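Only one structure is covered here, and it is reproduced in the block below.
Quick caveat, the model's predicted, so the values are computed rather than measured.
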Amino acid sequence: MAIKIYNTYSRQKEEYTPLHPDVTGFYTCGPTVYDYFHIGNARAFIVFDMIRRYFIYRGYRVRYVMNLTDIDDKIIKRANEQGVDSAEIAEKYAAAFFEDIQKLGIRPADVYPRATDHIEEIQALIAKLIEKGVAYESGGDVFYDVAKFPAYASLSGKNLDQLQSGARIAVDERKHNPLDFVLWKAAKPGEPKWPSPWGEGRPGWHIECSAMSMRYLGETFDIHAGGQDLIFPHHENEIAQSSAATGKEFARYWLHNGFLDIRGEKMSKSLGNFITVRELTKQYSAAVVRLFFMQKHYRSPVDFTEEGLQAARASSRRLTEAWRKITAAAGDALPLASADEAGAAKAFVETVFRLQRDIQTAMDDDFNTPAAVGKLFDLVREANRFIDSGVSSEEERRAVATVLAHMEGYDSFLGVIDHSAGDVDSERVGKVLDTILHLRSQLRQEKNFALADRIRDELAASGVIIEDSPEGPKWRWKN
RNA sequence: GGCGGCGUAGCCAAGUGGCUAAGGCGGAGGUCUGCAAAACCUCUAUUCAUCGGUUCGAUUCCGAUCGCCGCCUCCA
């Protein structure tokens, strides 16, 4: 069974087949690094991270490319406000981006190309478009001539006449057509600039994605992803630029994630409901945030609420607790390859494998994570029940180990289990020990030295040394 | 105006032309427990916005109506 993907271009689900059998080329529009990114961006990054990782789970090799837009009007504006160089702004927020995606459990891309590192490729592409007669230069700017590309707007299903009649675009009389978009922008005084055949300037926004995706994935590649708002005009323009330049199909499958509202309202700075991932991850772990999104289909709109996050936190705790319990019960037993080897635990292991098929079926159907997560909860209930009824034989332990192996597999793309909850060496331990020491102090005040000493001895056996100092009790690890 | 999507229990959310309409959160009761927590069990939608149509049969297909949302401008 193949993975089926909803392709925005055809508006239907299609069976996925890679262009080259050995590798899937996957490009996602990344951030413009002018500010900390917000939870709307986070959804896109998380969802495409999941899709990429599901491909890997299913045995595909994936080359995953995400661009960083590090030169653009918003960056220049921010730099001017702060009186610093635009490169400094870009560098700062690029660093913040990497920190934040790490906190969301997002696996790094294979390549993070930046626009300013690819000026040469961008200029070569623009030159090619001029040469082919689909772009024109005017006063230091270069525009794409939309009328020269008959398939324009086929991704978004719009038609040119309607677009023009409804256009709210400020008229620039240098354009042949109001929909023409800029490929190269002449520098105004004080703006960052690069030399070019058309004068000093900088690339337009859309061209970088064409140039860099072709550079790292080839002229035609498999998957191109981004938010629904990018369908028009950004992806439309990418297609126009790339196909016109190469005469080939650009991306084969177009994936777009649904938008996110906050308490039923669009997120915006003026409404004061702008939530950055920086703030969010102070309160919620990657597992919680990811589970929140995984319980919704990636193409559906999502309403982001505190209550929803609380519910996700409770659900995540259930998964994580089960994972710990299963890990403990499995011990070092090896997972089973089929239910036939399960002996007395056969019925249980059959259920485990049935759920595995169910989860794969759900995921293969355009990444139906809500259905898959539902089955994961079924698995957890079955496993809890099995373990509660007593696990003693090797067969039983291997059955549990099978559940564990499956769960780890699902989590390799979902990322909804908090594995750090199993870490011994964390600040949680400190808090726990503080509580113990506090209670032990009370016992000592009550002259219950027998019990107090026993606590000290038993902790010592666990590798924790207690010392009663004049400043109060202290603890340290043995060695 | 054009294009696209949505309306399933208190909340979130899958789903299928016909077997009991997943799962999670929340809530109620129970088992276990010194207490608590966790876990497990039972219950929490005679019904899938409304009205028509197709069909032996529709929540699922078609049409209409109402309501909500996104894109058409930088935006994940």
Side-chain angles (χ1 to χ4, degrees), chain A residues 6 8 11 28-32 34-35 37-48 66 69 72-74 77 153-170 178-179 181 204-206 225-236 255-261 264-269 274 277 291-305 307-322 324-325 355 358-359 362 365 368-389 416:
Chain A
Y6 181 87
T8 305
R11 295 182 202 187
T28 299
C29 288
T32 299
Y34 75 107
D35 201 348
F37 73 86
H38 55 69
I39 57 176
N41 301 304
R43 183 187 190 194
F45 299 151
I46 286 173
V47 148
F48 296 125
M66 181 180 281
T69 299
D72 133 294
D73 290 350
K74 292 195 289 292
K77 182 167 173 250
S154 51
L155 177 68
S156 54
K158 300 176 186 308
N159 82 54
L160 281 185
D161 297 338
Q162 281 157 355
L163 276 172
Q164 285 170 35
S165 60
R168 284 178 281 164
I169 306 162
L179 291 167
F181 54 92
W205 174 41
H206 313 293
Q228 272 170 3
D229 56 326
L230 295 183
I231 296 172
F232 189 92
H234 182 56
H235 290 160
E236 208 69 81
L255 302 185
H256 293 96
N257 67 282
F259 246 55
L260 178 143
D261 281 351
E265 289 180 315
K266 186 168 176 169
M267 174 166 45
S268 75
K269 289 194 170 163
F274 193 87
V277 167
L291 184 58
F292 176 82
F293 286 123
M294 292 302 126
Q295 287 184 293
K296 288 122 180 98
H297 187 84
Y298 79 94
R299 284 191 284 115
S300 301
V302 161
D303 193 25
F304 194 83
T305 63
E307 302 84 79
L309 232 34
Q310 300 285 0
R313 173 180 274 164
S315 309
S316 171
R317 193 174 295 142
R318 178 167 160 79
L319 291 178
T320 297
E321 282 305 309
R324 296 179 64 175
K325 185 165 157 183
L355 289 170
D358 290 348
I359 288 174
D365 184 13
N368 189 341
T369 55
V373 169
K375 295 296 178 183
L376 177 55
F377 278 106
D378 283 344
L379 178 65
V380 161
R381 184 174 8 84
E382 293 294 336
N384 276 326
R385 187 157 34 180
F386 186 77
I387 293 170
D388 287 355
S389 71
V416 294

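Checking B/A22, B/C72, B/C74 against every side-chain atom of A/Lys74, the shortest atom distance belongs to B/C74. Set against B/A14, B/C3, B/A76, the side chain of A/Pro370 has B/A14 as its closest nucleotide. For A/Phe377, the listed nucleotide lying nearest its side chain is B/G23; candidates were B/A22, B/C72, B/G23. Side-chain proximity of A/Arg381 to B/C40, B/C12, B/A39: nearest is B/C40.
Across the C1' atoms, B/A9 and B/U46 are found 13 Å apart, a figure rounded to whole Å. One C1' atom belongs to B/G34, the other to B/C41, and the distance between them is 23 Å to the nearest Å. Using atom P as the reference point in both B/U60 and B/A49, the two lie 8 Å apart (nearest Å). A gap of 25 Å separates the P atoms of B/G7 and B/U54, to the nearest Å. Nucleotides B/U8 and B/A14 are separated by 11 Å at their P atoms, to the nearest Å. Taking the C1' atoms as reference points, B/A58 lies 32 Å from B/G2, given to the whole Å. Between the C1' atoms of B/U33 and B/A39, the separation comes to 12 Å (whole Å). Atom C1' of B/A21 sits at a distance of 8 Å from the matching atom of B/U59, rounded to the whole Å.
A donor-acceptor contact shorter than 3.5 Å is absent between the side chain of A/Arg299 and the backbone of A/Leu255. A distance-only check finds a donor-acceptor pair linking the side chain of A/Asn368 to the backbone of A/Ala371 [under 3.5 Å]. Within the 3.5 Å criterion, the main-chain N or O of A/Ser316 finds a donor-acceptor partner in the side chain of A/Thr320. Panel note: side chain A/Asn257, backbone A/Tyr298; no donor-acceptor pair is recorded below 3.5 Å.
Look at A/Arg11 and you'll find a side-chain N or O under 4.0 angstrom from OP1 or OP2 of B/G4. The side chain of A/Arg385 places an N or O atom within less than 4.0 Å of a non-bridging phosphate oxygen (OP1 or OP2) of B/C41. Contact annotation: A/Asn384 does not reach the phosphate of B/A39 (side-chain N/O to OP1 or OP2, under 4.0 Å). When the side-chain nitrogen and oxygen atoms of A/Asn257 are compared with OP1 and OP2 of B/A76, none of them lie within a distance under 4.0 Å. Taking side-chain N and O atoms only, A/Asn368 has a distance below 4.0 Å to OP1 or OP2 of B/G15. Contact between the side-chain N/O atoms of A/Arg318 and the OP1/OP2 oxygens of B/A39 is found at a separation under 4.0 Å. For B/C71, one of the phosphate oxygens OP1 or OP2 lies less than 4.0 angstrom from a side-chain nitrogen or oxygen of A/Lys266. For the pair A/Ser300 and B/A14, the criterion of a side-chain N or O lying under 4.0 Å from OP1 or OP2 is met.
The pairing partner recorded for B/G67 is B/C6, the criterion being a Watson-Crick or G-U wobble arrangement whose two distances lie under 3.5 angstrom. With both pairing distances under 3.5 Å, B/C35 is matched to nothing as a Watson-Crick or G-U wobble pair. Shown here, B/U42 forms a base pair with B/A28; the pair counts as Watson-Crick or G-U wobble because both key distances fall under 3.5 Å.
The interatomic distance linking A/Met267 (CE) with B/A76 (C1') rounds to 9 Å, in whole Å. Computed from coordinates, the A/Tyr298 OH to B/A14 P distance equals 13 Å when rounded to whole Å. Between the P atom of B/G70 and the CD1 atom of A/Ile231 lies a distance of 15 Å, rounded to the nearest Å. Between A/Asp261 atom CG and B/G5 atom P the separation is 18 Å, expressed in whole Å. Separating the CZ atom of A/Arg313 from the P atom of B/C25 is a distance of 15 Å, rounded to the nearest angstrom. The separation between A/Leu155 atom CG and B/C71 atom P is 16 Å, rounded to whole Å. Protein atom CG of A/Leu355 is 11 Å distant from nucleotide atom P of B/G23, rounded to whole Å. Here B/U73 presents its P atom at 17 Å from CD of A/Gln228, a figure rounded to the nearest Å.
Looking at heavy-atom distances under 4.0 Å, A/His38 makes contact with a base. Counting non-hydrogen atoms under 4.0 angstrom, A/Leu260 reaches a base of the nucleic acid. Among the heavy atoms of the strands lying under 4.0 Å from A/Gly226 are primed sugar atoms or P, OP1, OP2 only; no base atom is included. Heavy atoms of A/Leu230 sit under 4.0 angstrom from primed sugar atoms or phosphate atoms, though from no base atom. A/Asp378 comes within 4.0 angstrom of the backbone, heavy atoms only, and of no base.
Just one of A/His235, A/His234, A/Glu236 meets the side-chain hydrogen bond (donor to acceptor under 3.5 Å, both in side chains) condition when paired with A/His206; it is A/His234.
The aromatic ring of A/Phe259 stacks onto the base of B/A76, its centre lying under 5.5 Å from the centre of the six-membered base ring with the two planes under 30° apart.
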Pair up each side-chain donor or acceptor in residues 373-382 of chain A with any protein partner under 3.5 Å, not counting sequence neighbours, and list the distances.
from: A/Asp378; atom 1: OD1; to: A/Arg381; atom 2: NH2; distance (Å): 2.7
from: A/Glu382; atom 1: OE2; to: A/Arg385; atom 2: NH2; distance (Å): 3.2

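Put simply, the side chain of A/Phe292 reaches to within 4.5 Å of the side chain of A/Val302, judged on heavy atoms. A 4.5 Å side-chain heavy-atom check between A/Phe259 and A/Asp229 finds at least one atom pair inside the cut-off.
Summary of the strand contacts: A/Gln295 and A/His234 both lie near RNA chain B, and taking for each the nucleotide with the nearest heavy atom, the more 5' one is attributed to A/Gln295. With the nearest nucleotide of RNA chain B identified for both A/Asp303 and A/Arg299, A/Arg299 has the one nearer the 5' end.
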